[in-house]
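By convention in this document, chain letters (A, B, ...) are assigned in the order of the sequence lines, proteins followed by strands, and residues within each chain are numbered from 1.
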Amino acid sequence: MLLEVKGVVKRFGGLVAVDDVSFDVDKGEIVGLIGPNGAGKTTLFNVISGFYKPNKGKVIFKGIDVTGKRPYEMARLGLGRTFQIVKPLMGLTVAENVAIGAMIKYPDASEALRKALEVLEFTGLYDKRFALARTLNLAEKKRLELSRALAMEPDLMLLDEVIAGLNPTEVDMVLDLLKEVNRKGITILMVEHVMRAVMNISQRIVVLHHGQKIAEGTPEEVANDPKVIEAYLGREEL
Amino acid sequence: MLIGAESVLSALVDGVLIGSIYSLIAMGLALIWGIMDVINFAQGDYMMLGAFLTYWLYVLAGIDPLLSIPLSFATVFVMGVITQKAVIDRILDAPMVSQITATFAVLLIIRYGAEVVFGPYTRRLTVSYLSEVLRFGPIVVPMNRLVAFLVSIVVTAVLFLFLKMTYTGIALRAVSQNREAAYLMGINVSRMYWIAFGIGVGISAIGGTLLATFYPIHPEMAAFFTLLAFIIVVFGGFGSVFGAYISGIIIGVTESVSALFISPTLKDVVAFLLFIIVILVKPTGLFGKEQ
Amino acid sequence: MNLLINAIRKNLNYLILVSVILLIAPAAFMKLNLPFPANALFLCLMYAIMAMAWNLLAGYGGQLSIGHAVFFGVGAYTTMILMLYYQVTPWVGIFVGGFVAAITGLALGIPLFRLRSHWFTLATIAVGEIFKLVFITWEWVGGSRGLQPPIAKSDWEALYFIQYAGPYVYVYIALGVLALELLVLYLVVNSKIGFYLQAIREDEDAAMSLGVNPFNYKMVAMFISAFFTGMGGGLYTIRFRFVDPFAVFDLITISVYITVAGIVGGIYSFIGPVVGSFVFVPVSEYVRAQIVSRFPRFYGLHVFVLGVLLLIISLIAPDGIMGWLEKKGVVKRRVAIPVEEVE
């Protein structure tokens, strides 16, 4: 088991954002984490990646108890992530952004840069390599974050809404890219509330609602689960 | 050294009175910060302008310091609006480093501009009726400080009513809670900004006017008061205006009591250390809400 | 290392030109008996050394300190005390001064780096004032009277205590320190440390997600920054042979000058702070020496001018002279490119 989330609870004041959620991610899988807005998906991501400490519960990564480890420690253990609200390093070039991700495995700056250009060719941002990150459009910024996480050569990637806000062509491009990434042996846990995209690509889906896990299973099982339908009904298109 | 109960009591009273002036300077800082999310390094220098204005009005035109309060507020309010339009407005979305250097540049320009104009001299303002001393049993209360204290209460009350009762005041508070939401509700945010900045520095100028009646007036006098204002704002909770009033008085008392026990030079060191300890230990202050 | 060699090869002509001018200038000033320009050159170099050091923390790491006088003062006092109380030659003392300043930086970094943006800046100002007040009351280091070194009585002692007439010799020493610093900083900013610092400046959360421990890298930057700023203090000690807390811990003429030099030159450019020092220090020194000293009534004019300069730069060209030149296409923005792509 690559990642085990065990009974995680995260409260903000009186608000319970994540309420006793447990699930596993196996090596090599693509798992989708879905739920309506405010379901606690991003909060759960922040707990797994070390940005928040859970009030209760455990996160186990590669067999190590990583509960409460800091984000940079998680990164060094092999966890790469993107952010829902993109956080490119605006004043640096695309190549520099990605090279900084690569430095975790390639501490020598020129080697990291070489690795970065390799990744950029793979993700299709090579032509933009010397552009400042702040000059990219949203789709490119999201691809940049993905490239940066990829350059870390992680075992597990947490992708927070890398598809939201993209047009259909861009969505297909990103999905193809993710399949390719997965084929290279990188496990993916992705948050998305555009369900169609996740259904396509995930082997397994976990559904959160009001901070609780209400369903888990293959895309078909989840899509036909009455609890899931109820949670989404009248809120989002399926 | 033996310190009698009477001198401690006097120090307490003195601390409350001087603290109320610190509060005025700090409240302006808290107001600007709460509403605009800008830290005004030059806050104390607007106070210094208020002090000089009061001095010259008295010396040149014989205007009583108490009467110069509205003039001091109005003049510095206008200067604040100019600063807001010319400088602050342009840096609201700039990188952090530019925000800091621009407000710091305003400090240098006002402080040393005043020094070039007024000369590097210390001046004192003596008004006969304000120099009298009241005695309450063993406690001695200088008239000028008592007046300053009373005025600070009035100013705070007016500010309180303004923020709670008037449309502009409520709009200001709305902007401080959520800039975008306020904008969507039809509040003219950029208008609120110059009003906030004007009022913020204007209140500090009133502090300067009051201070001028008993404190040496010098172009560089703001350095220590600005730092104190920061201590007070942090202590009172970031952006909490009335938290700033209470904590100003607490700081005033702490300072005057500790001056009894510690040497005057080290007294300042204590204040600086206090500042660093407070921002480290209690980053949301005593009265502030969690961010 | 490859990057360094490449950079040197690419800019060889300029480097030779600048080096030759800088090496000849002090000797020429001495021959022509022109102490004022030689002294201005010394000050430019001293501030260039400190502004470069400051910029590792402020420009690369995004941690804007207006309290670097602390490290300058500690370096200056350490060099002086070693000389005066322990007869240690400043040839060694300057380095020890840098090291003591660097350790001071680490000790201060522990609390200060818990603060972000404005609060960090404010706290550095407060720390600067604390150091000044403590040194004023500290009798062992001369209190408010300050300290003076022993006077050299022979040629040998003059060499040992580095005591020579006029500013000329000191210009060469400052040049040596600056060259050493540029070398070290160039290697640092083009290594993982430099890139990680920039990541921290741009977005601390993103940096952490990429495996960067912000605190550790800020401490590394602080160590190096304080070290060279402390060496600047040592240069001050040997050049002016007098240290007192008012001069070496001064908020305006040390901390703010360093900041302004950096901002004017351009904090997002490697060499910007040197450019800034060479542009700003002569102007400020001219105003101070020619106007303020002659007409003490106008004390403060030099700082006022500095404030106007800082404001204009902050509003109009926040990337400083170098950033402006890049925008105009006069110089190329330095971007990281792999070695093999450099022709």
**Asked** Which one, C:Ile66, C:Leu112, C:Leu306, C:Val134, leads in non-hydrogen pairs under 4.5 Å with chain B?
**Response**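 Top option by heavy-atom pairs under 4.5 Å: C:Ile66.
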
**Asked** Checking side chain to side chain contact (heavy atoms under 4.5 Å, CB included) against B:Phe104, which of C:Val260, C:Ile125, C:Leu64 comes through?
**Response**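 Testing each of C:Val260, C:Ile125, C:Leu64 against B:Phe104, the sole residue satisfying side chain to side chain contact (heavy atoms under 4.5 Å, CB included) is C:Ile125.
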
Can you tell me if [atom1] on [X] sees more than 12 non-hydrogen neighbours from other groups inside 6.0 Å?
{"X": "C:Arg114", "atom1": "CZ", "answer": "no"}
{"X": "C:Met219", "atom1": "CE", "answer": "yes"}
{"X": "B:Tyr121", "atom1": "OH", "answer": "yes"}

**Message:** Using a 3.5 Å distance criterion without hydrogens, assess whether the side chain of C:Arg297 forms a donor-acceptor pair with backbone atoms of B:Val116.
**Reply:**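 At least one qualifying donor-acceptor pair exists.
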
Do [X] and [Y] have side-chain heavy atoms sitting under 4.5 Å apart?
{"X": "B:Phe230", "Y": "C:Trp119", "value": "yes"}
{"X": "C:Val305", "Y": "B:Tyr112", "value": "no"}
{"X": "B:Glu115", "Y": "C:Phe304", "value": "no"}
{"X": "C:Ile252", "Y": "B:Leu108", "value": "yes"}

**Request:** Measure C:Leu315 against the heavy atoms of chain B and call it side chain, backbone, both or neither at under 4.5 Å.
**Result:**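 Interface part for C:Leu315: side chain.
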
**Asked** With a 4.5 angstrom heavy-atom cut-off, which part of C:Ile267 approaches chain B: side chain, backbone, both or neither?
**Response**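 Side chain of C:Ile267 only, per the 4.5 Å heavy-atom cut-off to chain B.
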
**Item:** Flag for B:Ser98-C:Ser314: side-chain donor and acceptor within less than 3.5 Å
**Value:**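 No donor-acceptor contact under 3.5 Å links the two side chains.
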
**Request:** Kindly write out the residues that satisfy salt bridge (Lys or Arg N to Asp or Glu O under 4.0 Å) with C:Glu285, not counting sequence neighbours, or none if the list is empty.
**Result:**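 Testing C:Glu285 for salt bridge (Lys or Arg N to Asp or Glu O under 4.0 Å), a comparison that skips the adjacent residues, returns C:Arg288.
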
**Prompt:** Between B:Val87, B:Ile109, B:Val117, which shows the greatest number of heavy-atom pairs under 4.5 Å with chain C?
**Reply:**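 Result: the option with the highest number of such pairs is B:Ile109.
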
**Option that, when pairs with chain C are counted at under 4.5 Å, heavy atom only, ranks first among B:Ala94, B:Pro219, B:Pro120** =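 Highest number of pairs under 4.5 Å: B:Pro120.
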
**Asked** Looking at OG1 of B:Thr101 and CD1 of C:Ile313, how far apart are the two atoms once the value is rounded to the nearest 0.5 Å?
**Response**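 Going from the OG1 atom of B:Thr101 to the CD1 atom of C:Ile313 covers 9.5 Å.
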
